[in-house]
Amino acid sequence: MPEINITLPDGSVRQYPRGTSAMQVAQSISEGLARVIIAAKVNGQVVETTRPITEDATLTLLKWDDKEGKSTFWHSSAHLLAEALESLYPGVKFGIGPAIENGFYYDIDLGNHKFSSDDFAKLENKMLELAKQENPFIREEISKADAISYFTEKGDELKLELLQDLKDGEITFYKQGNFTDLCRGPHLPHTGHIKAVKILNIAGAYWRGDEKNKQLTRIYGITFPKKSELDAHMQMLEEAKKRDHRTLGRELEIFAFDDDVGPGLPLWLPKGAAIIEILEEFAKKTEKEAGYVRVKSPHIAKESMYIKSGHLPYYQDSMFPPMEMDGTKYYLKAMNCPHHHKIFAATPKSYRDLPLRLAEYGTVYRYEQTGELFGLMRVRSMQMNDAHIYCTKAQFEEEFRAVNDMYLKYFRVFGIDKYMMRFSKHDPRKLGQKYINSPELWIETENMVRNVLIKANIPYVEVEDEAAFYGPKIDIQLWSAIGREFTIATNQVDFAQAERFDLSYINEKSERERPLILHRAPLGTHERFIGFLLEHYAGKFPLWLNPEQVIILPISEKYQEYSEKVLNVLKKHDIRALIDDRSEKTGKKIRDAELKRLPLMLILGEKEQADNTVTVRKQGGEDLGSMPIEAFTAYVKAEVEKQMN
RNA sequence: GCCGUUGUAGCUCAGGGGUAGAGCACUUCCUUGGUAAGGAAGAGGCCAAGGGUUCAAAUCCCUUCAAUGGCUCCA
């Protein structure tokens, strides 16, 4: 029998008969290995362990710990879920059932059956029962005609619809126990690997993601090869909930919502407002250094401006309905751009005025759909770190890069190391509908943006059909510590509105010329950014940003007077401090200060009073010992300075 | 907007057809205590709102509002 060479990840090469499977290779190494492998990567392609290998190949045996291993495990679990559902609810129809980042789901049409969270346990038990049977996943290549007749007989029109898009010759079925599914695989060797099952939740989901289609029932679940791993995962979810910005925002008294104020309209409590002011001060300083000038604009504008800007036909549904006065409609502003364009137009401009960078922490209102509201992440009123840069084509690249540099500075200050720039482009098929109909300008500006990104060596991904209607944009994706993804900031090119507002400047040859416009908001909105920071820092705002930097903890009421003296010194140095003067023990006061995530605690008693010193405890327990008050204020200032640069 | 779930004290939650409960927080008193919870007492709720069923509704049903998990959307 002809032999093939199998190269393993450590570089070793072994000979096997042609048609050997990954499982057989694993068995030849050790039985223990064979028991835990989930799938195999053959020449870069993930396949099931039973697939015969017919040519020389590099082979990686995938276990639970491998990303692809988990994905295979969960995809197979989706099939197990389907098998359990079919056994409990005969006649149920199946859409798609993929693995996701944490678990899997299956979209199903239950027909007349009812399924609710009360049935989760029943479903979990059924899945475990089927898993125990250790049914192998069997792959079968099938002709399109046979596949169609199988699902026609079964009456599953969802699968039939999926089949329409598949080519004859590349269709496979996977079968385990009594369940057969259309699937390209790969799958586990058998269902017995699945030892722990949790149905997480149930949701409606439009068939193929289109809201015009029928809504199916989506069942989310997660499975593990060990019960202990499931327990650990559930515990992790609990921990994540404690880091949720909504939980922290309430605990730390940062923001609140109120039914009478309205959904999506956050109230900033004193500490939240303090954070906002610190952020603004920081942003304003940074922008001033970068040559921005500040402007102010009203919160409403006449309908005519939004018709001129072109926003109305595209975004009317996302704006609050107009108010009418003296026969004229006024809208709450949903974006600052048109106002800034009007500010540009208010005085004549020469090329000597460019680049002109107009900045404003503008408040805007957007009528987000009720179901889209989410804590501080999706709200209806927001304050945006907005600015518009008007420049010549020749200046564009430099300006765009300067904006990117500002982003990178912010990331450093806030300790953000996981980010991705998403370069959003137009979709040529939607010109004139979703996008301004200027095909050449789209290509030209998209190339300019790409060039900057490449030259600056910034990691990015390109996505189609995500641009703003007036030009391409870059969105900055961040991930909070609990893994939630945020689109925080945006950086957009605008080649359309200068035309619409008839904005121009006089160039060196005394000719009128249109400026290019850059929209940018590195810190996004206060709402979303502070929501992100809450999760990012787990509520532990760093010293420079914390609304309460220092708490003074007198050991007893006897040291109240000395505490006030220290407080006054701190205040003179613009250090944000307060005294915990309750008649509680020091241990209690420290505990409460820790729960409030205060960065520095000053413990003051007899010794400190006598020596005119303070004893410093850092958040988390680190003891900095005693020092004179002046040494402490110098320490705070140095820390703040260090953190902000 | 759509599908599912949930609304009980400031927070976290228990209870459940016969006019409300715990812990924490809060107030007062005692205590004056040196690095993550000292003690006692007190105050707090039309059980989201509206309607219905019932002798009786916080509890069952309907509607609305809000939150929440998703879907769709996100200038």
Side-chain angles (χ1 to χ4, degrees), chain A residues 100 105 107 110 114-118 120 200-220 241-242 244 246-247 250-251 253 256-264 306 309-312 314-319 333-338 364 366-375 377-379 384 386 424 434 466-471 473 475 487 490 492 494 497 519 521 528 553-560 582-595 601-608 615-624 626:
Chain A
I100 53 177
Y105 67 79
D107 281 347
L110 279 157
K114 287 256 185 300
F115 182 77
S116 75
S117 47
D118 299 336
F120 284 6
L200 293 168
N201 54 47
I202 172 173
Y206 299 107
W207 172 233
R208 314 197 107 182
D210 187 333
E211 69 180 318
K212 291 182 199 77
N213 284 341
K214 179 174 182 157
Q215 192 156 39
L216 303 177
T217 303
R218 176 169 296 180
I219 298 178
Y220 286 87
K241 203 180 158 198
K242 285 185 201 155
D244 189 302
R246 292 166 295 183
T247 310
R250 184 169 44 236
E251 272 176 23
E253 301 177 359
F257 288 96
D258 186 281
D259 278 2
D260 284 327
V261 176
Y306 295 111
S309 73
H311 281 100
L312 212 49
Y314 290 95
Y315 301 116
Q316 190 165 24
D317 290 347
S318 313
M319 292 171 77
K333 71 172 169 183
M335 65 292 294
N336 299 304
C337 337
V364 299
R366 296 175 185 179
Y367 193 81
E368 302 286 356
Q369 293 184 53
T370 52
E372 291 163 356
L373 299 174
F374 174 70
M377 294 300 108
R378 290 292 290 280
V379 289
M384 194 180 282
D386 217 351
S424 302
K434 196 174 168 187
E466 292 280 338
F469 76 88
Y470 44 67
K473 65 173 180 176
D475 285 329
T487 300
T490 179
Q492 305 170 357
D494 183 344
Q497 290 197 60
H519 304 234
R528 199 174 273 190
L553 310 178
I555 297 284
S556 85
E557 279 159 25
K558 283 189 269 181
Y559 313 107
Q560 179 67 18
R582 297 174 302 164
S583 88
E584 295 287 352
K585 289 189 174 175
T586 310
K588 169 77 166 167
K589 290 184 181 182
I590 287 173
R591 178 183 152 78
D592 288 347
E594 284 287 348
L595 291 176
M601 298 160 214
L602 297 185
I603 294 152
L604 304 187
E606 194 174 353
K607 187 169 85 67
E608 289 77 10
T615 296
V616 187
R617 182 195 200 272
K618 278 176 84 170
Q619 182 183 65
E622 194 188 334
D623 189 354
L624 297 188
S626 295

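The sequence lines fix the lettering, A, B, ..., with proteins before strands; numbering per chain opens at 1. Because the structure is a prediction, the values reported are computed rather than measured.
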Minimum-distance nucleotide (side-chain atoms of [X] versus [options]):
{"X": "A:Ile590", "options": "B:G69, B:G34, B:A36", "result": "B:A36"}
{"X": "A:Glu557", "options": "B:U32, B:U68, B:U35", "result": "B:U32"}
{"X": "A:Glu584", "options": "B:G38, B:U35, B:A67", "result": "B:G38"}
{"X": "A:Ser556", "options": "B:U32, B:A37, B:U35", "result": "B:U32"}
{"X": "A:Arg250", "options": "B:A75, B:U12, B:U35", "result": "B:U12"}
{"X": "A:Leu595", "options": "B:A36, B:C74, B:U35", "result": "B:A36"}
{"X": "A:Asp259", "options": "B:A75, B:G69, B:A66", "result": "B:A66"}
{"X": "A:Leu373", "options": "B:G69, B:A67, B:A36", "result": "B:A67"}
{"X": "A:Lys588", "options": "B:A36, B:A37, B:A66", "result": "B:A37"}
{"X": "A:Gln369", "options": "B:U72, B:A75, B:A66", "result": "B:U72"}

Atom [atom1] of [X] to atom [atom2] of [N]: distance rounded to whole Å?
{"X": "A:Asp317", "N": "B:U72", "atom1": "CG", "atom2": "P", "result": "18 Å"}
{"X": "A:Asp592", "N": "B:C26", "atom1": "CG", "atom2": "C1'", "result": "13 Å"}
{"X": "A:Asp623", "N": "B:G34", "atom1": "CG", "atom2": "P", "result": "15 Å"}
{"X": "A:Asp475", "N": "B:C74", "atom1": "CG", "atom2": "P", "result": "11 Å"}
{"X": "A:Glu253", "N": "B:C11", "atom1": "CD", "atom2": "P", "result": "11 Å"}
{"X": "A:Phe374", "N": "B:A67", "atom1": "CZ", "atom2": "C1'", "result": "12 Å"}
{"X": "A:His311", "N": "B:A75", "atom1": "NE2", "atom2": "P", "result": "10 Å"}
{"X": "A:Lys589", "N": "B:G34", "atom1": "NZ", "atom2": "P", "result": "12 Å"}

When we call it a touch if two heavy atoms are under 4.0 Å apart, what does [X] touch: a base, just sugar-phosphate, or nothing?
{"X": "A:Glu466", "value": "nothing"}
{"X": "A:Ser583", "value": "base"}
{"X": "A:Arg617", "value": "base"}
{"X": "A:Phe469", "value": "nothing"}
{"X": "A:Phe257", "value": "nothing"}

Nearest-angstrom distance, [atom1] atom, [N] to [M]:
{"N": "B:G44", "M": "B:C3", "atom1": "C1'", "answer": "38 Å"}
{"N": "B:G17", "M": "B:C55", "atom1": "C1'", "answer": "11 Å"}
{"N": "B:U31", "M": "B:A40", "atom1": "P", "answer": "15 Å"}
{"N": "B:A25", "M": "B:A41", "atom1": "P", "answer": "15 Å"}
{"N": "B:U6", "M": "B:C47", "atom1": "C1'", "answer": "14 Å"}
{"N": "B:G45", "M": "B:A9", "atom1": "P", "answer": "11 Å"}
{"N": "B:U12", "M": "B:U64", "atom1": "P", "answer": "27 Å"}
{"N": "B:C62", "M": "B:G69", "atom1": "P", "answer": "25 Å"}

Need the pair for [N]. Rule: Watson-Crick or G-U wobble, both distances under 3.5 Å, any strand; none if unpaired.
{"N": "B:U5", "value": "B:A67"}
{"N": "B:A43", "value": "none"}
{"N": "B:C74", "value": "none"}
{"N": "B:G21", "value": "B:C13"}
{"N": "B:A56", "value": "none"}
{"N": "B:U35", "value": "none"}

Would you check if [X] and [Y] make a side-chain contact, meaning some heavy-atom pair closer than 4.5 Å?
{"X": "A:Ile555", "Y": "A:Leu604", "value": "no"}
{"X": "A:Asn336", "Y": "A:Val364", "value": "yes"}
{"X": "A:Glu368", "Y": "A:Ser318", "value": "no"}

Tabulate protein N/O versus nucleotide N/O from nucleotides 2-5 of chain B, keeping only pairs under 3.5 Å, one per line.
residue : atom : partner  : partner atom : Å
B:C2    : O4'  : A:Tyr206 : OH           : 3.4
B:C2    : O2'  : A:Gln215 : OE1          : 2.1
B:C2    : O2   : A:Gln215 : NE2          : 3.0
B:C3    : O4'  : A:Gln215 : OE1          : 2.6
B:C3    : O2   : A:Gly204 : N            : 2.8

### Message
Quick check on RNA chain B: between A:Tyr367 and A:Pro263, whose nearest nucleotide comes earlier from the 5' end?
### Response
A:Pro263
### Summary
Walking RNA chain B from its 5' end, the first of A:Arg218 and A:Thr586 to be reached, judged by nearest nucleotide, is A:Thr586
### Basic-acidic side-chain contact under 4.0 Å: A:Glu594, A:Arg617
yes
### Query
Ring of A:Tyr220 versus six-membered ring of B:G69: centres under 5.5 Å and planes under 30°?
no
### Message
Is there a side-chain contact between A:Lys585 and the phosphate of B:U32, meaning an N or O under 4.0 Å from OP1 or OP2?
### Response
no
### Message
Under 4.0 Å from OP1 or OP2 of B:U68: is there any side-chain N or O of A:Arg378 that close?
### Response
no
### Task
Please lay out, stage by stage, how A:Val379 and A:Leu373 fare under the test side chain to side chain contact (heavy atoms under 4.5 Å, CB included).
CA-CA 6 Å; A:Val379 289; A:Leu373 299 174; 5.6 Å; no
Is it true that [Y] and [X] share a donor-acceptor pair across their side chains at a distance under 3.5 Å?
{"X": "A:Glu557", "Y": "A:Gln560", "value": "no"}
{"X": "A:Tyr470", "Y": "A:Gln492", "value": "yes"}
{"X": "A:Thr247", "Y": "A:Lys241", "value": "no"}
{"X": "A:Asp475", "Y": "A:Thr487", "value": "no"}

### Query
If you round to the nearest 0.5 Å, how far is OG1 of A:Thr586 from CE of A:Met601?
12.0 Å
#### Entry: Audit row: A:Thr217, A:Ile202, side chain to side chain contact (heavy atoms under 4.5 Å, CB included) steps and yes/no
CA-CA 7 Å; A:Thr217 303; A:Ile202 172 173; 3.7 Å; yes
### Query
Syn or anti for B:G44, taking syn as within 90° of 0?
syn
